[in-house]
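Report on one structure; see the data block that follows.
Everything quoted here is computed from the prediction, not taken from an experiment. Letters go in sequence order (proteins before strands), and every chain restarts at 1.
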Amino acid sequence: MNTETTPGPDFIRQIVASDVAAGKHGGRVQTRFPPEPNGYLHIGHAKAICLDFGIAEEFGGKCYLRFDDTNPGKEGVEFVEAIKRDVHWLGFDWEERLTHASDYFARLDELAIHLIENGKAYVDHLTPEEIREYRGTLKEPGRNSPYRDRSVAENLELYAAMKRGRFAEGECVLRARIDMASPNMNLRDPTLYRIRKVAHQRTGEEWCIYPMYDFAHTLSDALEGTTHSLCSLEFEDHRPLYDWFLDNLPVPHRPQQIEFSRLNLMFTQMSKRRLKQLVDERWVESWDDPRMPTLAAFRRRGYTPESIRDFIRRAGVTKKENVIELGLLENCIREDLNERASRRFAVLRPLKVVIDNYPEDAEEWLEAANHPNRPELGSRQVPFSREILIEREDFMEDPPKKFHRLKPGGEVRLRYGYIVKCESVVKDAAGNVVEVRCSYDPATRSGAGGEARKVKGTIHWLSARHAARAEVRLYDRLFAVPYPTGEDLREEINPASLEIVEDAAIEPALADPGDERFQFERLGYFYADPALSKPGRPVFNRTVTLRDSWARIEQQALSG
RNA sequence: UGGGGUGUAGCCAAGCGGUAAGGCAACGGGUUUUGAUCCCGUGAUUCGCAGGUUCGAAUCCUGCCACCCCAGCCA
């Protein structure tokens with residue numbers, strides 16, 4: 001299916017391949033996906049996951065799932081559980097390689113002491129504000145802290161005191177002693193440890209000092225044996241610091257950091273902070289609301305993990321900032337579902353059609369293929385009777401040119417059934433069409449040679465008295481603007497991102513859909529919401545619409 | 001003249017000195033009992049711009065321009 005166009009190796013795979021060929025790291029490949037458990041994984045993370053796990057797999061290496069849990073208070077187990085579930089769902093397995101930065105706290109502490117002993121770290125009693133002032137600006141160098149030249153002995157003692165809880169939060173920090181005049185801000189004596197007197201989800205009260213990202217991350221990589229440490233572009237500036245730690249500490253491995261650009265999607269906000277805000281301010285129902293770009297949301301909406309991986313593969317890996325069109329993602333899920341989803345009938349907004357020349361209490365069961373191009377998927381029987389339901393949109397009293405559906409005096413084929421002709425319409429007091437009267441041609445029954453006569457249009461339908469009912473949720477993009485900043489949600493949010501159809505009609509075979517994905521013919525792909533559905537009363541999420549070239553033609557027909 | 005990056009079609013993206021892959025979108029046409037699927041066809045005299053080197057440059061050099069990231073005791 002997805003093998004016809006496999007892109008050549010991206011620049012990272014090229015580097016890894018040449019490292020392996022050169023015998024670097026003993027020919028070993030090891031990566032890691034290091035999420036901070038402070039939110040849900042989104043489709044941007046899927047890129048990192050596919051890269052980290054994918055590269056390890058392709059080169060016969062290993063990938064670790066390592067939680068970067070260095071900031072207790074912002075992190076929690078509910079997020080680690082969600083992250084584990086999402087990585088598994090996407091199709092990757094860390095096996096026994098589940099670690100946490102906190103697993104290394106004791107080693108990190110030793111390494112911090114090593115830096116102090118070598119005069120490369122010091123305890124700084126400047127206030128946070130003072131540290132900022134002393135750091136200088138982008139264009140001016142910083143100044144040395146007055147505490148920068150404390151003796152090794154004094155630093156050792158002060159650091160031990162920090163660790164014992166003798167200082168209050170914010171009173172002092174441990175800093176690397178590098179270069180306050182460096183043009184790279186990350187090298188202006190970065191903070192290594194800060195005091196946090198809160199319980200950690202895993203280490204409890206054991207520590208009251210916690211390592212900062214650069215220190216913990218670099219050394220976790222080195223301690224764990226990472227060979228290729230892949231991360232996004234904003235850490236490019238951190239690489240000199242990453243390397244500084246490796247140069248100045250006795251570590252067993254020397255990983256290499258390689259940066260790539262994050263994945264961005266049009267009409268989508270990917271920042272974790274904004275996603276959290278969407279949830280907290282109730283713009284959406286939850287982190288897994290099907291309109292969200294989280295993996296949990298895509299799962300609930302009916303996306304397959306295969307389609308997400310295919311999307312990531314097609315999007316590519318470079319260092320260029322990019323914003324990918326929604327169309328590519330939609331194409332990926334349509335392509336996957338077109339191949340695998342069984343077809344069914346559902347009528348979202350029913351309009352009653354009475355077939356006057358069809359016997360009052362007759363009924364027959366017509367054979368309908370589960371997949372038009374895959375006979376091996378079999379068929380099901382759909383009931384037909386005198387009163388049927390069709391889509392309101394499929395009837396127009398005064399249609400534009402090229403309208404191939406039902407209109408006064410016109411004919412359409414009822415898919416897998418008969419050709420019917422509209423004889424008259426019934427209207428209510430307000431002039432709305434409430435019922436359509438048709439006649440049918442018994443000779444045109446599907447199967448039995450009834451294909452002989454051709455008509456322009458074919459529409460889906462349901463026998464009125466046999467139809468079951470369901471709630472159907474139709475989703476549109478969450479943001480109305482192509483490049484949302486997330487700064488003013490009131491302005492940017494699409495007010496019509498969710499449309500709930502309370503009482504759609506569905507064919508009997510759909511009343512208990514289970515975990516299967518379906519195409520509702522001519523409408524799109526649908527998946528029963530695992531959280532909202534009840535036995536006999538499913539709630540279907542529309543995963544994605546079908547491509548709709550009529551929509552364009554209709555526009556032209558109406559405007560031209 | 002802070003530092004670090006990036007510029008190839010509407011959106012992605014190959015290309016690594018030998019004469020611009022591919023995907024998505026768009027647009028034509030064919031098949032079709034889903035206006036779906038499927039099939040076939042159509043795009044860059046040009047690679048941010050300007051010079052230079054070379055028999056030959058998207059690829060090398062110089063200059064310029066545009067955009068992104070960095071001043072958390074976040075990651």
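Atom pair A:Phe260:CZ and B:rU6:P shows a separation of 15 Å (rounding to whole Å applied). At whole-Å resolution of the value, CZ in A:Arg344 and P in B:rU34 are 17 Å apart. Taking atom CG of A:Leu241 as the reference point, atom P of B:rG4 lies 16 Å away to the nearest angstrom. As a whole-Å value, the separation of A:Lys139 NZ from B:rG2 P is 5 Å. In this entry the distance linking CD of A:Glu321 with P of B:rU6 reads 11 Å, nearest Å. For the pair A:Glu330 CD and B:rA26 P, the computed distance is 11 Å after rounding to whole Å. If you take CG of A:Leu233 and P of B:rG3, they are 19 Å apart, rounded to a whole angstrom.
Looking only at atom types and distance, the side chain of A:Gln257 has no donor-acceptor partner in the side chain of A:Ser229 under 3.5 Å away. In summary, the side chains of A:Tyr104 and A:Glu224 do present a donor paired with an acceptor at a separation below 3.5 Å, with no hydrogens or angles considered. Between the side chains of A:Asp69 and A:Ser102, at least one donor N or O lies within less than 3.5 Å of an accepting N or O. The closest side-chain donor-acceptor pair between A:Asp109 and A:Tyr159 falls under 3.5 angstrom.
Ranked by how close their nearest RNA chain B nucleotide is to the 5' end, A:Asp237 and A:Ile324 are led by A:Asp237. Of the two residues contacting RNA chain B, namely A:Tyr483 and A:Thr137, the nearest-nucleotide position lying further toward the 5' end is that of A:Tyr483.
Contact between the side-chain N/O atoms of A:Arg273 and the OP1/OP2 oxygens of B:rA75 is not found at any separation under 4.0 Å. Within the structure, a side-chain polar atom (N or O) of A:Lys320 is placed less than 4.0 Å from OP1 or OP2 of B:rU8.
Checking side-chain atoms of A:Lys197 against main-chain N and O of A:Gly165 turns up a donor-acceptor pair under 3.5 Å. Listed for the A:Ser307 side chain is a donor-acceptor partner under 3.5 Å among the backbone atoms of A:Thr304.
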Notebook entry, point to check: Which letters describe nucleotides 35-43 of chain B, given B = protein heavy atom under 4.0 Å from base, S = only from sugar-phosphate, - = neither?
Noted result: BSB------

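At the heavy-atom level, A:Ser261 lies nowhere under 4.0 Å from the strands shown. Among the protein residues, A:Leu138 comes within range of the nucleic acid bases, having at least one heavy atom under 4.0 Å from a base atom. Among the protein residues, A:Val412 comes within range of no part of the nucleic acid, since none of its heavy atoms lies under 4.0 Å from any strand. Heavy atoms of A:Gly327 sit under 4.0 angstrom from primed sugar atoms or phosphate atoms, though from no base atom. Residue-level contact check: A:Glu236 touches the backbone only, with heavy atoms under 4.0 Å from sugar-phosphate atoms and none from bases. No contact: A:Ser182 has no heavy atom under 4.0 Å from any strand. The residue A:Val323 sits close only to the backbone: its heavy atoms come under 4.0 Å of sugar-phosphate atoms, none of a base. Nucleic acid contact for A:Phe235: base, since at least one base atom lies under 4.0 Å from a heavy atom of the residue. When heavy atoms are screened at a 4.0 angstrom cut-off, A:Arg135 is found touching the sugar-phosphate backbone but no base atom. Contacts of A:Met212 with the nucleic acid, taken as non-hydrogen atoms under 4.0 Å apart, involve only primed sugar atoms and P, OP1 or OP2. As judged by a 4.0 angstrom heavy-atom cut-off over every strand, A:His238 is placed among the base-contacting residues.
A:His460 has its ring centre no less than 6.0 Å from the ring centre of A:Phe520.
Glycosidic conformation at B:rG72 (O4'-C1'-N9-C4 for purines, O4'-C1'-N1-C2 for pyrimidines): syn, within 90° of 0.
On the P atoms, B:rA36 is 13 Å away from B:rG30, given to the nearest whole Å. Only the P atoms considered, B:rC16 is 43 Å distant from B:rG72, to the nearest whole Å. Remark: the separation of the P atoms in B:rG48 and B:rA14 is 14 Å, to the nearest Å. Comparing B:rU53 with B:rA58, their C1' atoms are spaced 16 Å from each other, to the whole Å. Only the P atoms considered, B:rU8 is 29 Å distant from B:rC40, to the nearest whole Å. On the C1' atoms, B:rG23 is 36 Å away from B:rU62, given to the nearest whole Å. Across B:rG35 and B:rG43, the matching P atoms stand 31 Å from one another, rounded to whole Å. Across B:rA50 and B:rA9, the matching C1' atoms stand 23 Å from one another, rounded to whole Å.
Heavy atoms from other residues, nucleotides or ligands lying under 6.0 Å from CZ of A:Arg374 number more than 12. Heavy-atom neighbours of A:Lys319 NZ from other residues, nucleotides or ligands within 6.0 Å: above the threshold of 12. Within 6.0 Å of CZ on A:Arg340 lie more than 12 heavy atoms contributed by other residues, nucleotides or ligands.
When Watson-Crick and G-U wobble pairs are counted only if both distances are under 3.5 Å, B:rU1 pairs with no nucleotide at all. B:rU31: no Watson-Crick or G-U partner with both key distances under 3.5 Å is found in any strand. Under the Watson-Crick or G-U wobble criterion, with both distances below 3.5 Å, B:rA58 is left unpaired in every strand shown. Partner assigned to B:rC74 is none, using Watson-Crick or G-U wobble distances below 3.5 angstrom. Base pairing analysis places B:rC64 opposite B:rG48; the two distances defining the Watson-Crick or G-U wobble pair are each below 3.5 Å.
Closest to the side chain of A:Lys319, from the set B:rU6, B:rC70, B:rU34, is B:rU6. Nearest to the side-chain atoms of A:Ser446 among the listed nucleotides B:rU33, B:rC68, B:rG2 stands B:rU33. Of the candidate nucleotides B:rU33, B:rG23, B:rG2, B:rG23 has the atom lying nearest to any side-chain atom of A:Arg314. Nearest to the side chain of A:Asn71, among B:rC70, B:rA75, B:rC73, sits B:rA75.
A donor N or O paired with an acceptor N or O is found under 3.5 Å between the base of B:rC16 and the side-chain atoms of A:Gln14. For A:Glu325 and B:rG10, a side-chain-to-base donor-acceptor distance below 3.5 Å is present, hydrogens and geometry of angles not being considered.
Near RNA chain B, meaning a heavy atom under 4.0 Å from it, residues 187-195 of chain A has A:Thr191, A:Arg194 in order of number. Near-neighbour residues of RNA chain B inside residues 123-131 of chain A, defined by a heavy atom below 4.0 Å, number-ordered: A:Leu126, A:Thr127, A:Pro128, A:Ile131.
Classified by interplanar angle (parallel below 30°, tilted 30° to 60°, perpendicular above 60°), the ring pair A:Phe235/A:His238 is perpendicular.
The side-chain tip of A:Arg150 does not point at the ring of A:Tyr122 from less than 6.0 angstrom away and within 45° of straight on. The side-chain tip of A:Arg32 does not point at the ring of A:Tyr64 from less than 6.0 angstrom away and within 45° of straight on.
The ring-ring contact (aromatic ring centres under 6.0 Å, His included) test with A:Phe384 singles out one residue from A:Trp461, A:Trp365, A:Phe345, and that residue is A:Trp461.
Annotation: the span from A:Thr543 atom OG1 to A:Ile333 atom CD1 amounts to 6.5 Å, rounded to 0.5 Å. The distance from the CZ atom of A:Arg547 to the CG atom of A:Asn331 is 8.5 Å, given to the nearest 0.5 Å.
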